[in-house]
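Okay, so here's the structure we're looking at.
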Number of protein chains: 4
Amino acid sequence: MSRQPDEDKQQRILKAAIEVFGTQGLERATMKDIADLAGVAPGTLYTYFADKEALFVGAVDRVWDDFFAGTEAILAKGSDPRTSSKALLGYGLEMLKALYPLVRGMISAANRLDLMHARLDSLALLISKSMSGLPNATFETMRIWISGVLFLLATVPHKDIDHEIDRVKGSLLRLLEAP
Amino acid sequence: MSRQPDEDKQQRILKAAIEVFGTQGLERATMKDIADLAGVAPGTLYTYFADKEALFVGAVDRVWDDFFAGTEAILAKGSDPRTSSKALLGYGLEMLKALYPLVRGMISAANRLDLMHARLDSLALLISKSMSGLPNATFETMRIWISGVLFLLATVPHKDIDHEIDRVKGSLLRLLEAP
Amino acid sequence: MSRQPDEDKQQRILKAAIEVFGTQGLERATMKDIADLAGVAPGTLYTYFADKEALFVGAVDRVWDDFFAGTEAILAKGSDPRTSSKALLGYGLEMLKALYPLVRGMISAANRLDLMHARLDSLALLISKSMSGLPNATFETMRIWISGVLFLLATVPHKDIDHEIDRVKGSLLRLLEAP
Amino acid sequence: MSRQPDEDKQQRILKAAIEVFGTQGLERATMKDIADLAGVAPGTLYTYFADKEALFVGAVDRVWDDFFAGTEAILAKGSDPRTSSKALLGYGLEMLKALYPLVRGMISAANRLDLMHARLDSLALLISKSMSGLPNATFETMRIWISGVLFLLATVPHKDIDHEIDRVKGSLLRLLEAP
DNA sequence: GATGAATGAGACTTCATTCAT
DNA sequence: AATGAATGAAGTCTCATTCAT
């Protein structure tokens with residue numbers, strides 16, 4: 001009967017939003033930039049998201065959801081703690097690299113930092129439970145490690161990201177393997 | 001004619017900037033807000049800082065410098081590693097609490113996150129050196145811990161900050177005291 | 001194929017337009033609001049009316065036509081001037097109350113006020129002719145009274161409309177009954 | 001010390017606003033049009049008025065205040081009712097002619113029509129009190145006349161305004177002179 | 001040097017209208 | 001003929017910065 005809402009278009013918008021919010025931060029990012037990158041008219045953004053804030057939250061949610069799903073998938077395999085912790089570490093760092101722009105965007109949204117705090121708790125809980133055999137992997141310790149890694153990878157200049165990942169991975173592996 | 005009165009004004013502006021950038025973040029903060037809080041006219045800000053960005057960088061620098069100075073003072077006392085590490089931890093958390101608004105502001109300035117990264121390295125180096133006796137206090141580990149603590153305290157809702165400090169302090173003490 | 005269903009739709013649209021233009025005024029009313037109320041898609045409005053302006057004129061015309069028809073019906077009964085004048089007054093005020101939203105809408109369309117002016121003349125002429133026996137009911141006086149009543153009822157807050165009608169009715173009856 | 005707020009500028013803005021709101025109505029008028037006509041930058045309007053609505057209300061208030069002042073000045077002369085009523089009529093019509101654009105603007109602001117209603121009452125009261133000797137000049141009658149005249153003059157096409165004034169003046173004089 | 005009114009670019013958002021389906 | 005997603009022009013308002021005083 002008419003042009004129907006386009007699942008694809010929503011995804012394209014979200015992807016563009018992740019990219020632009022990540023590069024510019026919530027405030028500097030403009031709706032026009034996002035629309036241009038998504039290949040739609042500015043008005044079209046408002047067909048899928050009520051306003052700029054909603055689009056931002058949509059982008060952040062999308063990334064966290066994906067990340068949690070990935071984490072759970074790894075844990076579901078039920079390997080021994082040492083093995084899954086390594087898998088998780090690899091997965092997490094890889095994701096952080098891939099999502100670098102958005103993580104920066106999330107962090108730069110000062111008025112949404114509280115959302116992150118809560119999510120970090122959930123993540124730390126999930127991981128520490130599945131790793132109860134390891135000496136250093138308590139819930140509280142986990143929170144600090146995860147936060148630290150997140151922050152280090154969000155703040156490193158993009159060109160240095162691979163180097164940073166190596167550094168972080170090295171330290172964490174050493175900690176995990178501590179007797 | 002002495003330059004004293006002008007330096008006063010510059011300090012007043014910087015203090016106001018720290019407060020306002022901290023509360024609002026880089027983008028939301030307005031030059032007028034800062035001028036009002038400093039008790040000067042908007043135009044006056046431009047006598048002391050080239051533009052908004054320069055004022056922001058000035059505010060961040062000021063805070064880091066203070067923090068480094070405090071850290072060095074503690075290390076200069078030359079206590080044994082275990083003692084100074086506890087002192088540092090107390091000092092750092094206290095500062096983070098006091099500077100909560102600005103730390104949030106710094107973090108929310110996505111386009112300046114790289115500045116933080118470099119500073120974190122210096123800080124971690126300084127601390128780890130002075131603590132070379134402790135098993136877990138390597139430079140690399142330190143970076144992650146410091147980043148994690150910084151991030152956790154920056155993202156916690158302000159009303160929960162004391163609770164968060166207790167949690168973080170507890171974990172870190174346990175890590176430091178690990179055999 | 002009959003045109004019946006389409007005429008139905010046109011009427012539904014017109015009715016919705018009267019309601020929405022009346023409530024919101026020409027500028028604030030949106031084509032989407034009208035379409036929603038009429039139970040059609042926005043695009044459909046353009047099958048029946050060239051654009052928003054044409055739809056507005058259509059709505060106003062419709063109301064005036066109805067009002068004229070009602071007025072003529074009363075005059076056609078050929079009662080004596082005093083009787084029909086009272087009947088007209090009652091009818092007119094009742095209509096104004098029922099059409100309150102649209103009358104406000106008409107009045108608020110500054111760029112169409114001239115249309116009203118011409119219609120007022122026709123109405124005053126029609127009424128004054130049929131009332132030539134009454135001393136105060138000249139064409140010119142009629143115009144002023146009708147305009148005044150229209151305006152008072154259009155500008156009164158809706159909750160006070162009954163009270164306003166009573167006031168207006170009282171004054172006019174007194175004027176008509178003047179010796 | 002700096003460019004000081006300019007009484008003149010506020011008046012220039014108000015005058016421009018009266019002109020533009022009158023010509024275009026509240027919604028069609030743009031802040032840019034008003035700024036251009038006043039010879040200032042768009043942003044300057046916001047130094048003197050909080051937003052478009054406030055500017056509109058400012059313009060309307062200004063005109064009503066002037067009008068009341070003029071009316072009271074005439075009544076203060078204490079002439080006999082017949083004389084002052086004629087003076088008032090002349091003054092009122094002259095003002096309506098001069099303020100034609102704004103009166104249209106006021107009327108077209110559907111969401112402010114209630115303000116007019118209250119003002120009309122005050123005006124009718126003021127006039128009817130001062131005219132208690134005249135047979136047709138009761139408060140209630142006055143309200144209708146004033147409203148009618150206001151509306152007729154607001155809705156007449158501008159080119160016909162002199163003709164309309166003559167018509168209205170003629171009818172009212174005849175009513176006032178009724179035995 | 002200080003002031004703060006003035007500037008004007010640019011942001012978000014709305015919505016009349018179009019047109020592929 | 002009907003639909004409604006898409007368009008994009010245009011509007012209001014903000015605010016960093018300038019500059020006359």
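Residue numbering restarts at 1 for every chain, and letters A, B, ... go by the order of the sequence lines. What you see is a predicted model, and the numbers here were worked out from it, not measured in a lab.
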Is D:A35 touching bases, backbone alone, or none of the nucleic acid, heavy atoms closer than 4.0 Å? nothing
Could you tell me whether A:A50 contacts a base, only the sugar-phosphate backbone, or nothing, with contacts defined as non-hydrogen atoms closer than 4.0 Å?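 The answer is nothing, as A:A50 stays clear of every strand by at least 4.0 Å.
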With the side chain of [X] defined as its heavy atoms from C-beta on, choose the nearest nucleotide among [options].
X     : options               : result
B:M31 : F:dA16, E:dT13, E:dA5 : F:dA16
D:T44 : E:dC15, E:dT7, F:dG8  : E:dT7
C:D51 : F:dT7, E:dG8, E:dT17  : E:dT17
C:Y46 : E:dT17, F:dA5, F:dA16 : E:dT17
B:K52 : F:dT12, F:dT17, F:dG8 : F:dT17
C:T30 : E:dA6, E:dG8, E:dC15  : E:dC15

Distance-only, no hydrogens or angles: does the C:Y48 side chain make a donor-acceptor pair with backbone N or O of C:L14 under 3.5 Å?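 Side chain of C:Y48 to backbone of C:L14, a donor-acceptor pair under 3.5 Å: no, none is there.
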Check: C:K9 side chain, C:A38 main-chain N or O, donor-acceptor pair, under 3.5 Å: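 Not a single qualifying donor-acceptor pair exists.
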Please give, in whole Å, the distance from [N] [atom2] to [X] [atom1]?
X     : N      : atom1 : atom2 : value
A:K32 : E:dA9  : NZ    : P     : 17 Å
C:E27 : F:dA10 : CD    : P     : 15 Å
D:D33 : F:dT12 : CG    : C1'   : 13 Å
A:I13 : F:dA5  : CD1   : P     : 13 Å
A:D36 : E:dA11 : CG    : P     : 11 Å
C:I34 : E:dT17 : CD1   : P     : 11 Å
C:F49 : E:dA16 : CZ    : P     : 15 Å
C:L45 : E:dC15 : CG    : P     : 15 Å

By the definition side chain to side chain contact (heavy atoms under 4.5 Å, CB included), identify the one residue from C:D36, C:L55, C:I34 that meets it with C:V20.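 Only one option passes, and that is C:I34.
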Over 60° means perpendicular and under 30° means parallel, so classify the ring planes of B:F21 and B:F56, tilted if in between.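 Rings of B:F56 and B:F21: perpendicular, as their planes differ by over 60°.
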For C:A29 and for D:G39, find the nucleotide of DNA chain E with the closest heavy atom, then tell me which residue's nucleotide is more 5'.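 Its nucleotide being nearer the 5' end, the pick is D:G39.
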Quick check: on DNA chain E, is the nucleotide nearest B:A41 upstream (toward 5') of the one nearest D:A41, or the reverse? Name the residue that is more 5'.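 Looking at DNA chain E, the more 5' nearest nucleotide goes with B:A41.
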Between [N] and [X], is there an OP1 or OP2 to side-chain N/O distance shorter than 4.0 Å?
X     : N     : result
C:K9  : F:dA1 : no
B:T47 : E:dA2 : yes
B:Y48 : E:dG1 : no

Drop me the distance from C:I13's CD1 to C:T47's OG1, to the nearest 0.5 angstrom.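 Interatomic distance, C:I13 CD1 to C:T47 OG1, rounded to 0.5 Å: 7.5 Å.
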Quick one: look up who F:dG11 pairs with, Watson-Crick or G-U, both distances under 3.5 Å, and put none if it's unpaired.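 Base partner found: E:dC12.
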F:dA20: pairing nucleotide in any strand, Watson-Crick or G-U under 3.5 angstrom: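 Because both required distances fall under 3.5 Å, F:dA20 counts as paired with E:dT3.
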Go through the steps for D:D8 and D:K15 under the test salt bridge (Lys or Arg N to Asp or Glu O under 4.0 Å), then give the verdict. CA-CA 10 Å; D:D8 228 40; D:K15 213 175 144 190; over 6 Å; no
